[in-house]
Amino acid sequence: MTTLSTHAISDPIDVARVRADFPLLAREVHGKPLVYFDNANTAQKPAAVIEAVDDFYRRTNANVARAMHALGEEATNAYESARDAIARLLGAPSRNEIVLVSGTTQAINLVAYSHAMPRLGPGDTILVTQMEHHANIVPWQLVCARTGATLKVAPITPRGELIVERFVELLTPDVKLAAVTHVSNVLGTINPVAELGRECRRRGIPLLVDGSQAAPHLRLDVRALNCDFYAITGHKLFGPTGTGALWAKREHLEAMPPFFGGGEMIREVRFEGTTFADPPHRFEAGTPNIAGFVGLAAAIRYVEALGIERIAARERELLAYATAALREVPGLRIFGEAQDKAAVIAFLIDGVHAHDLATLLDHEGVAVRSGHHCAHPLMQFYGVPATLRASLAFYNTHEEIDRFVAAIGRVRTLLG
Ligand code: PMP
């Protein structure tokens with residue numbers, strides 16, 4: 001199994017060595033070496049993750065939490081190790097505050113239906129921001145439609161930064177919950193969550209943070225972030241799809257009724273009425289994605305061994321290099337120029353349709369995303385239907401950025 005020794009923070013990442021951990025990065029696309037710049041969409045998986053999943057099915061496979069045999073116990077321990085790994089990653093005070101779910105989308109829906117819906121009524125509001133992913137908009141709209149509550153939207157600047165004073169002004173007594181992304185999946189903006197959390201807490205308003213794009217890139221500590229709920233998704237964190245977690249303060253979880261009913265989440269079932277397990281199992285009905293969580297635990301161990309600060313430093317450097325190179329391209333406009341920004345670059349080129357450019361880049365072996373990035377309201381803010389987006393990970397290289405920018409140059413001449 002692939003292992004990595006722990007490195008000092010100042011020690012830069014050995015990119016050639018790290019790339020060798022990711023088998024997919026070695027493949028070709030359309031006869032060209034792959035340049036994978038769609039990491040914000042889903043990240044590639046190190047061999048350690050692939051092998052952990054493979055090994056689970058080859059050696060351990062059994063259901064969790066119910067089998068009275070060795071395999072069942074091993075499977076349960078392997079699965080539960082993901083809860084420990086996630087608790088470490090998030091700086092959670094207790095592993096029992098970690099609910100294992102299929103991803104951020106399920107985590108936010110769980111909070112929407114189980115925490116928010118019973119508390120909402122006409123006149124109440126939920127505060128979101130202009131830069132949210134649909135996963136942090138639509139669940140709130142659904143519970144608003146059922147309860148008569150409404151959404152309020154905190155504005156951003158054209159550079160793509162949240163206007164913190166406006167956010168704070170909007171924290172009026174009608175707000176029953178605020179829901180904010182930690183890092184924008186389009187703009188790369190890193191929101192000042194600890195500050196927003198302090199303002200929410202002062203007013204007794206719970207804060208949910210969508211950490212999908214933050215967990216792979218930033219050191220996290222949910223206590224220091226002053227939030228109440230923190231949602232992550234495993235597949236952007238170099239783990240398998242269909243894995244993720246909700247961290248919630250214990251007092252919230254204890255007050256939340258179950259969302260899904262079924263096996264594993266009960267204490268006793270009678271036809272006259274059922275009593276429920278304590279959190280987090282109360283929210284984990286049915287057989288989970290066991291192998292997926294075994295893989296996610298391996299992914300978190302991989303990130304820990306590499307060191308999140310070293311990952312962040314490498315990505316900052318790649319972002320600066322790519323941004324400078326793209327700024328040289330005539331007619332190229334970057335969306336999102338926040339002071340504090342992750343390695344995500346959304347852009348358009350005058351007169352060139354985003355999808356055309358993405359298709360031609362694909363033929364050059366360069367994978368970028370083109371579209372609305374599940375952020376229609378953000379596209380509406382900028383008055384564009386779509387953008388391209390290059391999102392980098394620590395395993396990307398300067399040479400790949402050079403190839404990407406050169407390919408844009410060629411394609412621009414072709415389409416311009
Ligand atoms: N929020 C943000 C900011 C995202 O980038 C994504 C994934 N694109 C999600 C939520 C949803 O994550 P998932 O589909 O894995 O649940």
Side-chain angles (χ1 to χ4, degrees), residues 36-45 82 86 89-90 99-113 128-142 154 156 160 162 178-191 193 196 207-218 220 225 227 229-247 259-260 283 288-289 292-293 295-296 299 315 335-336 338 341-346 367-379 381 386-393:
Y36 189 75
F37 282 178
D38 200 15
N39 294 286
N41 204 352
T42 198
Q44 295 307 339
K45 320 303 175 198
I86 294 164
L89 184 88
L90 300 182
V99 184
L100 301 180
V101 293
S102 65
T104 298
T105 303
Q106 193 186 335
I108 296 176
N109 275 277
L110 171 58
V111 178
Y113 284 94
V128 296
T129 82
Q130 186 74 45
M131 69 174 88
E132 298 310 316
H133 186 280
H134 295 163
N136 203 21
I137 299 173
V138 183
W140 309 120
Q141 287 179 322
L142 292 174
I156 61 172
L162 182 66
V180 174
T181 194
H182 196 167
V183 174
S184 162
N185 64 311
V186 183
L187 306 167
T189 308
I190 303 175
N191 281 316
V193 168
L196 306 180
L207 174 66
L208 174 138
V209 180
D210 173 351
S212 307
Q213 299 290 348
H217 312 290
L218 302 179
L220 298 174
L225 290 172
C227 60
F229 302 97
Y230 199 95
I232 62 166
T233 198
H235 68 99
K236 298 184 202 282
L237 190 52
F238 317 103
T241 50
T243 63
L246 173 73
W247 168 78
F259 176 38
F260 291 114
F283 306 105
N289 181 1
F293 281 103
L296 180 57
E315 290 175 350
F335 297 81
K341 180 174 167 171
V344 176
I345 309 174
V368 294
R369 185 164 171 188
S370 148
H372 52 69
H373 315 295
C374 299
H376 277 158
L378 187 60
M379 297 295 113
F381 174 78
T387 74
L388 288 121
R389 181 187 67 184
S391 50
L392 312 178

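Keep in mind it's a predicted model, so treat the numbers as computed, not measured. Start at 1 and go down the list; that is how both ligands and their atoms are numbered.
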Heteroatom proximity flag, [X] to ligand 1, N/O under 3.5 Å:
X	result
Arg369	no
Asp210	yes
Asn41	no
Ser212	yes

Closest approach of any protein heavy atom to [atom], naming residue and atom:
atom	value
atom 7 (C) of ligand 1	Lys236 NZ, 2.6 Å
atom 15 (O) of ligand 1	Thr233 OG1, 2.6 Å
atom 4 (C) of ligand 1	His133 CD2, 3.3 Å

Mark up the atoms of ligand 1 that fall under 4.0 Å of a heavy atom belonging to [X], in ascending order.
X	result
Gln213	3 (C), 4 (C), 5 (O)
Thr104	10 (C), 12 (O), 16 (O)
Ala135	10 (C)
Thr105	11 (C), 12 (O), 13 (P), 14 (O), 16 (O)

- Task: Please state whether His373 comes within less than 4.0 angstrom of ligand 1, counting heavy atoms only.
- Result: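 Not so, His373 does not reach ligand 1.
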- Message: Any side-chain to backbone donor/acceptor pair from Asp210 onto Asn136? Under 3.5 Å, distance only.
- Response: no
Measuring only between side-chain heavy atoms, which start at C-beta, is [X] closer than 4.5 Å to [Y]?
X	Y	answer
Asn185	Val344	no
Met131	Leu162	yes
Trp140	Ile108	yes
Ile86	Trp247	no
Tyr230	His182	yes

- Message: Whether the His373 and Thr387 side chains hold a donor-acceptor pair (N or O, under 3.5 Å, no angle test) is what I'd like checked.
- Response: yes
- Message: As a test of understanding, state which of Arg369, Lys236, Arg389 forms a salt bridge (Lys or Arg N to Asp or Glu O under 4.0 Å) with Asp38.
- Response: Arg389
- Going by the 4.0 angstrom heavy-atom rule, the piece of Gln106 near ligand 1 is neither
- Query: At their closest point, which heavy atom of Val183 faces which heavy atom of Gly188, and how far apart are they?
  - Reply: CG1-O, 3.7 Å
